[in-house]
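Following: one structure in structure tokens, then a few remarks.
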Amino acid sequence: MKFLAGEFDVAVIGAGHAGIEAGLAAARLGCKTGVFTINMDAVGNCPCNPSIGGTAKGHLVRELDALGGEMGRAADECFLQSRMLNRGKGPAVHSLRAQIDRRAYSTRMKHTLELQENLELRQAEITDLEQTDDGKWLLTTRLEAQYISKTVILATGTYLGGKIYVGDVSFESGPDGMFPAAYLPQSLEKLGMSIRRFKTGTPARVLRSSINFEGLEEQCGDDPIVPFSYDTKDIGENKVKCYVSWTNDETKKVILDNISRSPMYSGKIEGIGPRYCPSIEDKIVRFADKPRHQLFIEPCGLDTEEMYIQGMSSSLPEDVQLSFYHTIPGLENCVMMRPAYAIEYFCADPIQMNRTLEFREWPGLYGAGQFNGSSGYEEAAAQGFVAGVNAALKVLGREAFILDRASSYIGTLIDDLVTKGCNDPYRMMTSRSEYRLILRQDNADMRLTELGRKIGLISDERWESFLDKKQRIAAELDRVRKKVISPTEQVNTILRERGTTEIQSGVRLVELLKRPQLDYACLTPVDDDRTEADPNVLEQVEIEIKYEGYIARQLTIIEQVRKLESKLLPEDTDYSKIEGLRLEAREKLGKVRPESIGQASRISGVSPADISVLVIYLASQKNNRGEKYDN
């Protein structure tokens with residue numbers, strides 16, 4: 001018999017990386033929050049790679065931390081090895097990545113939810129969701145408990161209608177052998193929501209003692225270590241090594257000889273897989289000319305002997321998996337503890353949402369994470385935070401929280417999803433942002449901490465620390481612009497050794513730092529009055545100086561683009577009646593319902609000519625109302 005079990009301001013369905021950030025953000029803003037998970041032991045689980053960060057993903061984690069999110073702090077507490085990727089390239093693409101202890105991370109996140117004021121963590125499968133006459137939401141569990149909530153966030157990950165594939169074998173399941181959310185998809189379809197099938201996968205885990213590490217390339221962590229969180233003062237040392245190996249012709253032969261047994265190629269899997277993280281069989285077929293593919297052998301934790309084989313996800317049968325793993329150097333005698341598998345699941349078309357991640361057709365209903373068609377823990381956490389904040393702000397009657405593309409990678413991620421949609425699982429990459437030089441991982445706090453403070457998620461202590469760092473950056477910039485370096489023999493010796501032109505008269509320190517061959521470190525012997533020692537401050541100053549011209553140009557472009565973003569399109573605009581718009585543009589604009597001319601310009605299928613028509617239309621509408629139109 002159904003019974004009313006409780007009421008919430010914000011109900012979060014799912015307690016993965018999106019659900020955690022959504023629940024914590026809403027509760028910390030003072031809303032009574034319920035977080036529902038099918039299995040309490042799966043809170044914060046990392047069913048795929050036990051790592052946080054990576055190329056562009058590290059940017060998301062640092063931005064999330066700057067806003068007041070939790071992932072960065074937890075990753076710092078549970079890391080096994082930390083590395084800054086792409087150091088050989090410019091600062092725009094430097095990205096932090098940490099191998100983490102997956103069980104420690106899950107335990108840490110579960111305990112954080114349990115301790116959070118205003119938050120109740122419940123083990124329950126939500127089977128039905130419907131909107132009541134007063135605009136609230138009624139959630140029903142499989143045990144027939146019912147909850148009323150003012151807002152709901154769907155953060156179901158790969159559990160929603162989850163189905164596992166290993167060769168010819170398939171069965172209903174969530175990740176890691178958990179129960180799937182079997183009934184909720186029908187409820188969402190009953191609402192009228194557009195959902196579709198995506199697919200992802202994970203490699204096998206093998207027994208550490210069965211690996212031959214001799215001859216494998218070692219991959220060590222950084223020293224010193226850069227933490228994800230601006231709150232972390234002492235992160236400790238790297239605890240493990242990772243290893244690199246490669247596939248070969250024999251690996252390729254085993255896979256191609258058995259490719260017909262892959263459910264991907266036999267037609268059993270209907271879901272669309274990730275373009276940028278394909279299975280090993282997909283790599284072998286799509287990149288047939290490549291003689292080998294790289295893989296990484298990484299520990300899953302300090303208290304387990306499981307090793308993760310990154311780069312080798314597969315849906316081939318278990319016997320075939322064992323055969324091709326045994327062709328790889330170091331894995332010739334490996335014991336497979338968990339086979340690789342593919343998982344198919346339901347997700348929503350994100351074009352149905354606006355930039356707060358609220359569904360336009362169902363006020364108070366939000367989506368986050370893989371439910372929105374993205375892939376990756378970091379993309380999920382970032383969306384969860386934004387959805388949680390906006391659900392709470394809606395309940396509190398406060399202004400919505402929207403990040404634009406020029407503010408952050410999080411803003412870029414969400415704008416891409418709700419404006420362009422995604423035909424396969426979306427993955428964040430630095431190439432997706434047109435403002436990479438501004439949106440660096442090293443300056444995430446300078447860009448976003450003030451926004452986090454405005455929301456109400458940055459503590460007084462963190463705020464004071466931020467203001468102090470900001471002041472010290474300004475002071476150091478002022479100093480290097482005034483400091484004059486005389487043309488001494490010591491100075492010119494440094495310049496000669498660095499392969500740059502000697503100076504004949506005094507020059508300001510800022511001019512020397514602009515030279516690509518020079519940096520703070522090499523100029524230390526002749527920079528006798530520098531008192532700033534914080535490497536984070538010096539890094540900010542040096543990048544600001546070296547890329548000053550490029551940054552200024554990018555800021556000018558951002559200002560121009562934001563003018564288009566300020567030209568708002570009425571929500572009830574009937575694009576079918578605007579003369580001059582092409583048919584495709586009318587259809588796309590009507591489906592996405594952009595909030596501004598700027599957002600409209602990024603919709604696939606909307607041309608510059610269509611944008612000109614919209615600008616003229618908007619001006620005519622304002623003129624008809626007697627309002628001034630700002631060009």
* To do: In sequence, state the C-alpha distance, the side-chain angles, and the governing distance for Asp574 and Ser576, and then conclude on side-chain hydrogen bond (donor to acceptor under 3.5 Å, both in side chains).
  => CA-CA 5 Å; Asp574 186 348; Ser576 66; 2.5 Å; yes
Tell me the closest heavy-atom pair linking [X] and [Y], and the distance in Å.
| X | Y | value |
| --- | --- | --- |
| Leu357 | Gln383 | CD1-O, 3.4 Å |
| Ser315 | Glu281 | N-OE2, 3.0 Å |
| Ile438 | Asn443 | O-ND2, 2.9 Å |
| Gln554 | Leu437 | OE1-N, 3.3 Å |
| Ala381 | Leu64 | CB-CD2, 3.7 Å |

* To do: Indicate the ring-plane relationship of His17 and Tyr377, choosing parallel, tilted or perpendicular according to the 30° and 60° boundaries.
  =>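 Tilted, since the angle between the ring planes falls between 30° and 60°.
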* To do: Using the six-membered ring wherever Trp is involved, compare the ring planes of Trp362 and Phe359 and label them parallel, tilted or perpendicular (cut-offs 30° and 60°).
  => perpendicular
* Asked: Just checking, any donor-acceptor pair under 3.5 angstrom between side chains of Tyr183 and Asp128?
  -> no
* Asked: Hey, is Glu378 close enough to Arg62 for a salt bridge, meaning N to O under 4.0 Å?
  -> no
* Would you indicate whether the side-chain heavy atoms of Val12 and Leu154 approach each other to under 4.5 Å? => no
* Where at least one partner belongs to residues 396-423, residue pairs that pass ring pair (Phe, Tyr, Trp, His ring centres under 6.0 Å), sequence neighbours excluded ->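 Every ring pair (Phe, Tyr, Trp, His ring centres under 6.0 Å) pair that includes a residue of residues 396-423, provided the two are not neighbours, is His59-Tyr409.
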Side chains of residues 20-37: which donor-acceptor partners sit under 3.5 Å, not counting sequence neighbours?
{"residue": "Glu21", "atom": "OE1", "partner": "Glu70", "partner atom": "N", "Å": "3.0"}
{"residue": "Glu21", "atom": "OE2", "partner": "Glu70", "partner atom": "N", "Å": "3.2"}
{"residue": "Glu21", "atom": "OE2", "partner": "Met71", "partner atom": "N", "Å": "2.8"}
{"residue": "Arg28", "atom": "NE", "partner": "Gln116", "partner atom": "OE1", "Å": "3.0"}
{"residue": "Arg28", "atom": "NH1", "partner": "Glu70", "partner atom": "OE1", "Å": "3.1"}
{"residue": "Arg28", "atom": "NH2", "partner": "Glu70", "partner atom": "OE1", "Å": "2.8"}
{"residue": "Lys32", "atom": "NZ", "partner": "Glu7", "partner atom": "O", "Å": "3.3"}
{"residue": "Thr33", "atom": "OG1", "partner": "Ala27", "partner atom": "N", "Å": "3.4"}
{"residue": "Thr33", "atom": "OG1", "partner": "Cys31", "partner atom": "O", "Å": "2.9"}
{"residue": "Thr37", "atom": "OG1", "partner": "Asn39", "partner atom": "N", "Å": "3.4"}
{"residue": "Thr37", "atom": "OG1", "partner": "Asn39", "partner atom": "O", "Å": "3.0"}

